[in-house]
Number of protein chains: 2
Amino acid sequence: MEVMGGKWKSCILYELEKGSKRPSELHRHFENTSPRVINQQLKELEIHGMIEKTIFPELPPHVEYSITDDGRSLIPIIRMLEQWGDSFRPKMTRILEKTETTE
Amino acid sequence: MEVMGGKWKSCILYELEKGSKRPSELHRHFENTSPRVINQQLKELEIHGMIEKTIFPELPPHVEYSITDDGRSLIPIIRMLEQWGDSFRPKMTRILEKTETTE
DNA sequence: TCATATACGGACAAATTTATCCCTATGTCC
DNA sequence: GGACATAGGGATAAATTTGTCCGTATATGA
């Protein structure tokens, strides 16, 4: 949970599993989240070896993040969670309706 | 993640999947965690319909928590996470050694 | 009467996570 | 020069989660 539990980590892994991406692409993809926050999640994923950072020594700077084999080994779990969430969402919606009532 | 991501939730589901238990049994099982915290997690799991609470109208009070079908549907995911964690733990240990260095 | 057991929860503190604000630096185009 | 793009991070605030302390109530047994 420490490795994949961050608020955006599973989403980032999910995106990178489809192909390597530059930071700016990821920032555009998560438009409702500040770049800073995504960078933090990327850094932790990198420290844990779930993703890899490649720096192309060019100007302007060019960086790419790609998923590693260890990161890819989390994808089946992420998909299971996704499917479970999809199937449970209707019930969850009803639960939230009961709880939040106006408030 | 909101449903099963709590610090003790997957552990509680794991225990209840083995059989219904009384709150005091669970408190004894998680001896390093205060009963209050376990109660909070139980309450949330109950609200989300992952566990069920049965009150026996006796004195002294007798309560039992049991896992529901929805809760049971999370068990395969919890097991996958457990297996992934077991297999990744050696690498994780090395990563933590590098990071924490004395500090 | 006092200690134990059952089960629960309010008020608060501590810790952790997430988010915002603003700054660095370099280069291109108008 | 000014606007934009690239990639990044320090300082700090806000929000959430986790944990502690102490209280409720009832009943049993020493």
Side-chain angles (χ1 to χ4, degrees), chain A residues 1-16 19-48 50-66 81 92 95-96 99-100 103, chain B residues 1-16 19-48 50-66 81 92 95-96 99-100 103:
Chain A
M1 293 298 284
E2 186 181 336
V3 174
M4 62 151 290
K7 186 161 175 185
W8 306 104
K9 287 182 183 173
S10 54
C11 302
I12 291 172
L13 287 173
Y14 191 91
E15 280 309 306
L16 291 184
S20 303
K21 287 192 178 51
R22 302 178 64 162
S24 52
E25 291 180 271
L26 289 167
H27 296 154
R28 271 189 293 271
H29 187 268
F30 300 101
E31 49 179 357
N32 294 321
T33 308
S34 87
R36 179 79 223 273
V37 172
I38 299 299
N39 286 343
Q40 283 173 330
Q41 304 273 309
L42 287 168
K43 193 165 207 172
E44 289 172 22
L45 283 169
E46 193 198 355
I47 287 173
H48 288 151
M50 299 300 111
I51 64 175
E52 242 170 11
K53 183 178 182 176
T54 310
I55 302 174
F56 297 90
E58 304 170 5
L59 275 174
H62 181 169
V63 174
E64 280 202 1
Y65 287 104
S66 49
L81 278 165
M92 192 63 177
I95 289 163
L96 291 177
T99 310
E100 292 176 5
E103 189 194 353
Chain B
M1 293 297 282
E2 185 181 336
V3 174
M4 62 151 293
K7 187 161 175 183
W8 306 104
K9 287 182 184 173
S10 55
C11 302
I12 291 172
L13 288 173
Y14 192 90
E15 281 308 308
L16 291 184
S20 303
K21 286 191 179 51
R22 301 178 65 165
S24 52
E25 291 181 89
L26 290 166
H27 297 154
R28 271 189 293 274
H29 187 267
F30 299 101
E31 47 178 357
N32 294 321
T33 308
S34 88
R36 178 76 221 274
V37 173
I38 299 299
N39 285 343
Q40 283 175 330
Q41 305 273 307
L42 287 169
K43 192 166 208 170
E44 289 172 22
L45 284 169
E46 193 199 353
I47 288 172
H48 289 151
M50 299 300 112
I51 64 176
E52 242 170 10
K53 181 179 181 174
T54 309
I55 302 175
F56 297 90
E58 303 171 5
L59 275 174
H62 181 169
V63 174
E64 278 202 2
Y65 286 104
S66 50
L81 279 165
M92 192 63 178
I95 289 164
L96 290 178
T99 310
E100 292 176 4
E103 192 196 348

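What you are looking at is a predicted structure, and each value in this text was computed from that prediction instead of being measured. Just so we're on the same page: letters track the sequence lines, and every chain starts at 1.
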**Message:** Whole angstroms only, please: what is the CD-P distance between B:Gln40 and C:dG9?
**Reply:** 10 Å
**Request:** Please test B:Val3 against B:Lys9 for side-chain contact (heavy atoms from CB on, under 4.5 Å), starting from the C-alpha separation and ending with a verdict.
**Result:** CA-CA 8 Å; B:Val3 174; B:Lys9 287 182 184 173; over 6 Å; no
Pairwise N/O distances under 3.5 Å, protein to nucleotides 4-8 of chain D:
unit_1: D:dT6; atom_1: OP1; unit_2: A:Arg28; atom_2: NH1; d: 3.4
unit_1: D:dT6; atom_1: O3'; unit_2: A:Arg22; atom_2: NH2; d: 3.2
unit_1: D:dA7; atom_1: OP1; unit_2: A:Arg22; atom_2: NE; d: 3.3
unit_1: D:dA7; atom_1: OP2; unit_2: A:Ser24; atom_2: N; d: 3.2
unit_1: D:dA7; atom_1: OP2; unit_2: A:Ser24; atom_2: OG; d: 2.9
unit_1: D:dG8; atom_1: OP1; unit_2: A:Lys53; atom_2: NZ; d: 2.7

**Asked** Nearest-Å distance, NZ (A:Lys9) to C1' (C:dT16)?
**Response** 12 Å
**Prompt:** Just wondering, more than 12 heavy atoms not from A:Glu2 lying within 6.0 Å of its CD?
**Reply:** no
**Asked** Is the OH atom of A:Tyr14 crowded by more than 12 outside heavy atoms at less than 6.0 Å?
**Response** no
**Message:** I need the CD1-C1' distance between A:Ile38 and C:dT18, as an integer number of Å.
**Reply:** 11 Å
**Fill in**
The reported gap from CD in A:Glu15 to OG in A:Ser10 (rounded to nearest 0.5 angstrom) is 11.0 Å
**Request:** Establish, with yes or no, whether the OP1 or OP2 oxygen of C:dT18 is under 4.0 angstrom from a side-chain nitrogen or oxygen of A:Gln41.
**Result:** yes
**Prompt:** So, is B:Trp8 near the phosphate of D:dG19, with a side-chain N or O under 4.0 Å from OP1 or OP2?
**Reply:** yes
**Prompt:** Does the side chain of B:Leu81 reach to within under 4.5 Å of the side chain of B:Met4, using non-hydrogen atoms?
**Reply:** yes
**Asked** Which whole-number value in Å describes the distance from B:Glu58 CD to D:dT26 C1'?
**Response** 14 Å
**Fill in**
When rounded to whole Å, the CE to P distance for the pair A:Met1 and C:dT17 reads 12 Å
**Item:** Side-chain donor/acceptor of A:Lys53 to backbone N/O of A:Glu46, under 3.5 Å
**Value:** no
**Request:** Specify the separation, in whole Å, of atom CD of A:Glu44 and atom C1' of C:dT18.
**Result:** 11 Å
**Prompt:** What's the CZ-C1' distance between A:Phe56 and C:dG27, to the nearest Å?
**Reply:** 19 Å
**Message:** How many whole angstroms separate atom NZ of A:Lys7 from atom P of D:dA15?
**Reply:** 12 Å
